[in-house]
Amino acid sequence: MDLFSAQAVSKQYANHKALDKVSIEVPENHIFGLLGPNGAGKTTLIRIINQIIAPDEGELLFMGRKLQPNDTALIGYLPEERGLYKKMTVGEQAMYLAQLKGLSHHEAQKRLKYWFEKFEIRGWWNKKVEELSKGMQQKIQFLVTIIHEPKLLIFDEPFSGFDPINANLMKEEILALKEKGATIIFSTHNMSSVEELCDDIALIDRSKVVLSGAVRNIKKTFKTNTFSISYNSPAGLLLAILPAEFQVLSESRDLDYHHAQVKLPEGATPNDLIGFLLPFLTIYAVNELVPSMNDIFIQAVTRQAPQPVTQD
Amino acid sequence: MNKIFLIIKREYLTRVRKRSFIVMTILGPLLMAATIVIPIYLATRNDETKIIAVLDETGIFYQKFKDSDNIRFHYLVSDLATAKANFSKTDDHALLYIPKTEVSLPTNAILYSEKSVSINVTSYIQNVMSRQIEELKLQARLRELQTDKKEPVAVDDLLRSIKTSVDINTMKIGENGQESKSYTEINMGLGMFAGFLIYFFIFMFGSQVMRGVIEEKTNRIVEVIISSVKPFQLMMGKIIGVGMVGLTQFLLWVILTFMIVSLDT
């Protein structure tokens, strides 16, 4: 079941169409990646989901019914451009934001205590926000975003500004939240984190969804049946051995082996490739080249013909 | 509703705890007290004996003004024009003129002088006059009650019915006997000053609301807050919160000013 879906949502700014009939479906308990180049309309869509701005047309469904103003209590939002009140202490601020999300004073205190201990930041409670580094502030913000245990979490570029250790900590927390049953939408430019975390994606480019679906399926459709092989024979031999349908895309060598990328004809398997080569040379490795999200992203956005893909 | 209250609380507490608020709250009464205390001090400093001529057309205040430490009274029997004309030839500090009234008891008087008259003098005269009039009123009332023999009257009502306030206008007599009214101008000035203060404070606290909005916009926290509460609630909370800060400051100013003034006097 879809926890959230947007149907044909459009938003027009003065002389710029930010969203053009965008539809997305976010299945329950999935991590949904919202991808796209800068200025594609991701943040506009996220703001519409948070009801900060209203769409011109289109419908938003949340838990099977129309999205309502009170649903903000069930949504947690970590904006890309983060900020806190600089003059307030961390504890006061966290209490304030938690209570604005509808937690009682007592409940907010209890949960904050738990999380402050978990993140090992108990000593920050009475510090002013301006005394903290940017990464530390982001930790606080992440914490207040999830404090009311929302059903739907929206993270806009959650890892920017974190060092690798803290970024990993965040990643683990996001996965833990998914374990607990939360549904997560997150927007990012960092494709490796998409591959690590996302179950589904939607790629928005120039105000339109150009690609969407489960990550696995998308990868499958972008596969080109290309393999890389490592072997030990002089260059040029491969072309002589293989039939014409087998395209040799590139050849190279290092100190130990020769390497080549071969695109197989439709219906051919790696076994066929190996069968042709076995009598003539020694094979050390064969790998299927699966396109990375990075490649898929670039391909989808630039709309160029599929190019030779790099090793996964 | 609960969320508006939370916003009000935050807006209020963060502002009240600011150092600038505390400094302003302490400095304000000192300035206010200074504006009240210094003129009084200056007015009372002069302790030479002042002689005041009384021209009482009604006759009811004859010998009622008692000489005090630095005020002496003497009574004239003449008319206003001659008294004024002769005024400059005497050593008198001021000329108190109580005009005749036809129906009711007199409730105003005019104090002519060459220099400005200190507040002590006017308030002393005011006191004596109102006490005398109240006494006369009381006597009249009591006579009335004795003859009418109506139902008893509550003491409070009686006291209220005889309460009298006396207006004293101060006028200056120039060398050539010209008169100029000095009281209304002070009142007008005071009114304008108070009006300016109101304008100033509305402006000041209005700009605090604006600064609050700008702060939230620039540090982007507004997105987080707007995704939890309605913009109306946020704005309302801000306006009420800042308004309450202003009222708190005024209340503290009033209380502290009174405290300082009462300590001084």
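Order of the sequence lines fixes the chain letters, A, B, ..., with proteins taken first and strands second; residue numbering starts at 1 for each chain.
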J.: Tell me whether the count of non-hydrogen atoms from other residues, nucleotides or ligands lying under 6.0 Å of CD in A/Glu117 goes above 12.
T.: yes
J.: Taking the side chain as every heavy atom from C-beta outward, state whether B/Ile221 and A/Lys86 have any atom pair closer than 4.5 Å.
T.: no
J.: Give me the atom names and distance for the closest heavy-atom approach of A/Gly83 to B/Arg220.
T.: N-CB, 4.4 Å
J.: Quick one, B/Arg10 with A/Met88, criterion side-chain contact (heavy atoms from CB on, under 4.5 Å). Give me CA distance, side-chain angles, the key distance, then yes/no.
T.: CA-CA 10 Å; B/Arg10 193 202 81 85; A/Met88 273 176 107; 3.1 Å; yes
J.: Inspect the surroundings of CE in A/Met136 and state if more than 12 heavy atoms from other residues, nucleotides or ligands are less than 6.0 Å away.
T.: yes
J.: How about CZ on B/Arg19, more than 12 heavy atoms from neighbouring residues, nucleotides or ligands closer than 6.0 Å, or not?
T.: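 Open.
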J.: Count the heavy atoms belonging to other residues, nucleotides or ligands that lie under 6.0 Å from NZ of A/Lys178, then report whether that count exceeds 12.
T.: yes
J.: Looking at residues at least two apart in the chain, or sitting in another chain, which of them share a side chain to side chain donor-acceptor pair (under 3.5 Å) with A/Lys42?
T.: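 For A/Lys42, the residues satisfying side chain to side chain donor-acceptor pair (under 3.5 Å) (neighbours in sequence not counted) are A/His189.
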J.: Where on B/Thr14 is there a heavy atom nearer than 4.5 Å to chain A: the side chain, the backbone, both, or neither?
T.: side chain
J.: Can you name the closest pair of heavy atoms from B/Ser227 and A/Asn50 and give their distance?
T.: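 Where B/Ser227 meets A/Asn50 most closely, the heavy atoms are CB-OD1, 4.0 Å.
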J.: Where is the tightest heavy-atom contact between A/Pro79 and B/Glu223, given as atom of each residue plus distance?
T.: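 So the minimum-distance heavy-atom pair works out to CB-OE1, 3.6 Å.
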J.: Could you tell me whether the side chain of B/Leu6 reaches within less than 4.5 Å of the side chain of A/Leu100, counting heavy atoms only?
T.: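 Touching, per the 4.5 Å side-chain cut-off.
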J.: Distance check, rounded to the nearest 0.5 Å: B/Ile225 atom CD1 versus A/Ile52 atom CD1?
T.: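 Here the rounded value is 11.0 Å.
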J.: Taking only Lys NZ, Arg NE, NH1 and NH2, and the carboxylate oxygens of Asp or Glu, determine whether A/Glu92 and B/Lys9 approach each other closer than 4.0 Å.
T.: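 No, no charged N to carboxylate O under 4.0 Å.
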J.: Can you give me the closest heavy-atom contact between A/Lys101 and B/Ser228, atom names plus distance?
T.: CE-OG, 3.4 Å
J.: Tell me whether the count of non-hydrogen atoms from other residues, nucleotides or ligands lying under 6.0 Å of NZ in A/Lys151 goes above 12.
T.: no
J.: Around A/Lys66, counting heavy atoms of other residues, nucleotides and ligands shown, do more than 12 lie under 6.0 Å from its NZ?
T.: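 Open.
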J.: Side chains of residues 1-13 of chain A: which donor-acceptor partners sit under 3.5 Å, not counting sequence neighbours?
T.:
residue: A/Ser10; atom: OG; partner: A/Lys21; partner atom: N; Å: 3.0
residue: A/Lys11; atom: NZ; partner: A/Ala54; partner atom: O; Å: 2.9

J.: Can you see whether B/Glu215 engages A/Tyr85 through a side-chain donor-acceptor pair at a distance of less than 3.5 angstrom?
T.: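 Distance-only check fails for B/Glu215 and A/Tyr85.
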J.: Is chain A contacted by the side chain of B/Leu13, its backbone, both, or neither, given a heavy-atom distance below 4.5 Å?
T.: neither
